[in-house]
> 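Here it is, the structure in full.
Note: hydrogens, waters and symmetry copies are ignored here, and every other heavy atom, side chains too, is used.
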Amino acid sequence: MPPPPRPSPSAKKPSSAKKPALLGLVVVLAAGLLGFVSYRATAPDGPASDTPASATTAGADSDVYRELAELARRDAGDKLAQGRTDAPVVLIEYADFQCGYCGKFARDTEPELIRRYVDDGTLRIEWRNFPIFGETSEAAARASWAAGRQDRFWPFHRAAYAKDAKEKGFGKDRLRALARQAGVKDLDRFARDTESAAASEAVREDREQAYGIGATSTPSFLINGRPLAGAQPMAVFTQAIEDAAAEEANVGSAGKPAE
């Protein structure tokens, strides 16, 4: 789903990047990677494999992937994440509650990814609020964060992405109703948290991280640092996750003495 114009290029870079000296390269190359993936996902002709990566960019891409992989927080206290903090694969999703394709992913693909990979410890999913469709999206993002303060982010996420939920809007009364549906116990605290400076700051940080890596539409994903744009078919996510898990297994076994 195409967004409105993005913020000025002078926007602050992601604060979670661990190597500032290389961040400029990461941002530039990641923007190109995400843009290419977005283009290929919607290109009218030919599979993504029609354009092979050149040998001269392979090394740079690998460096970018490693840098982007470090955006995974792996924080046990992260209310907007699920799965083991030491899972070999981390999927970061940048999404907007008003995005129809985000809803499609949430309903059709994510539950199966959880069943297959989160439950067995292979995958961790980390959500990033990426509201790009105005104040209503901002309000929904803050509300999701507020629900998370009471450990109800994922039930709120499911309620907000339920079929036809978007059509009912995300006004204050509707957000309160979604919180109630999600099992948020203290609705007055929920309302205060939604309007708090802490909620606004958390959403701002997530959005700046998304723009910093070159994301320009929702949903956008990183799977162990490798970009994936759009609500792709289940098979695309399955392949990406299993490839990442196999790569991590190979890295983990490297250097072990032969038995």
Side-chain angles (χ1 to χ4, degrees), residues 1-4 6 33-44 47-48 80-83 89-119 122-134 136-141 143-145 147-148 152-171 174-175 177-178 181-182 203 206-207 210-211 213-224 226-244:
M1 180 174 291
R6 57 176 290 179
L33 286 168
L34 280 166
F36 176 75
V37 174
S38 296
Y39 166 74
R40 296 306 301 170
T42 57
L80 278 60
Q82 58 180 317
V89 183
V90 178
L91 181 153
I92 303 175
E93 178 185 5
Y94 301 90
D96 184 313
F97 283 103
Q98 289 199 105
C99 164
Y101 289 112
C102 301
K104 178 176 176 58
F105 172 78
R107 292 189 300 273
D108 299 347
T109 305
E110 192 167 41
E112 184 65 12
L113 295 181
I114 293 170
R115 187 187 70 80
R116 289 193 193 183
Y117 302 112
V118 175
D119 289 349
T122 299
L123 179 68
R124 176 175 173 82
I125 298 176
E126 296 188 357
W127 169 273
R128 303 287 189 269
N129 273 304
F130 188 24
I132 57 176
F133 297 107
T136 300
S137 291
E138 292 266 357
S144 74
W145 181 90
R152 305 307 293 168
F153 169 79
W154 289 104
F156 182 94
H157 172 278
R158 288 192 294 272
Y161 276 137
K163 190 174 181 180
D164 300 328
K166 184 180 72 168
E167 284 68 24
K168 297 178 182 178
F170 293 109
R174 176 62 179 154
L175 290 173
L178 288 171
Q181 181 180 342
V203 171
D206 282 358
R207 180 171 50 207
Y211 279 129
I213 66 168
T216 59
S217 62
T218 55
S220 289
F221 305 90
L222 294 176
I223 299 177
N224 276 15
R226 285 167 168 75
L228 183 63
Q232 300 288 335
M234 179 68 188
V236 174
F237 286 96
T238 296
Q239 188 67 56
I241 292 167
E242 293 186 357
D243 286 350

> Could you measure the distance from the CD atom of Glu242 to the CD1 atom of Ile223? Nearest 0.5 Å is fine.
11.0 Å
> Taking the side chain as every heavy atom from C-beta outward, state whether Leu80 and Trp154 have any pair of such atoms under 4.5 Å apart.
no
> Just by distance, do the side chain of Glu110 and the backbone of Arg107 share a donor-acceptor pair under 3.5 Å?
no
> Hey, could you give me the OG1/CZ distance between Thr122 and Arg116, rounded to the nearest 0.5 Å?
12.0 Å
> Looking just at side-chain N and O atoms, do Asp96 and Ser137 make a donor-acceptor pair shorter than 3.5 Å?
yes
> May I have the step-by-step check of side chain to side chain contact (heavy atoms under 4.5 Å, CB included) for Met234 and Leu113, ending in yes or no?
CA-CA 8 Å; Met234 179 68 188; Leu113 295 181; 3.4 Å; yes
> What's the spacing between Glu138 CD and Asn129 CG if we round to 0.5 Å?
9.0 Å
> Can you find a heavy atom in the side chain of Pro219 that is under 4.5 Å from one in the side chain of Tyr94?
no
> Please name the pair of heavy atoms, one in Gly83 and one in Val118, separated by the smallest distance, quoted to 0.1 Å.
CA-CG1, 3.8 Å
> Under the criterion side chain to side chain contact (heavy atoms under 4.5 Å, CB included), I'd like the reasoning laid out for Asp206 against Phe130: C-alpha separation, chi angles, the key distance, then a yes or no.
CA-CA 6 Å; Asp206 282 358; Phe130 188 24; over 6 Å; no
> Salt bridge check: are Lys104 and Asp108 linked by an N-O gap of less than 4.0 Å?
yes
> Which atoms form the tightest heavy-atom contact between Val203 and Pro131, and what is the distance?
CG1-CG, 3.6 Å
> Roughly how far, to the nearest 0.5 Å, is CD1 of Ile125 from NE2 of His157?
8.5 Å
> Is the shortest side-chain heavy-atom distance between Tyr117 and Val89 below 4.5 Å?
no
> Taking all non-hydrogen atoms of both residues, which atom of Ala106 and which atom of Tyr161 are closest, and how far apart?
CB-CD1, 3.5 Å
> Taking C-beta and beyond as the side chain, do Phe97 and Phe133 meet within less than 4.5 Å on heavy atoms?
no
> Do Leu222 and Asn224 have side-chain heavy atoms sitting under 4.5 Å apart?
no
> Looking at every non-hydrogen atom in both residues, tell me the closest pair between Ala160 and Phe170 and how far apart they are.
O-CZ, 3.8 Å
> Once rounded to the nearest 0.5 Å, what's the spacing between atom CD1 of Ile92 and atom CZ of Arg124?
10.0 Å
> For Ala143 versus Phe156, what's the shortest heavy-atom pair and its separation?
CB-CZ, 3.8 Å
> Do Gln82 and Ile114 come within less than 4.5 Å of each other through their side chains, counting heavy atoms only?
yes
> Write down the atom of Cys99, the atom of Cys102, and the distance for their closest heavy-atom approach.
SG-SG, 2.7 Å
> Find out whether Glu93 and Glu126 are in side-chain contact, i.e. whether some heavy atom of one side chain is under 4.5 Å from a heavy atom of the other.
no
> Just so I know, are the side chains of Arg207 and Arg128 near enough to count as touching, which here means a heavy-atom distance under 4.5 Å?
no
> According to the interplanar angle, ranging from 0 to 90°, do the rings of Phe153 and Trp127 count as parallel (below 30°), tilted (30 to 60°) or perpendicular (above 60°)?
tilted
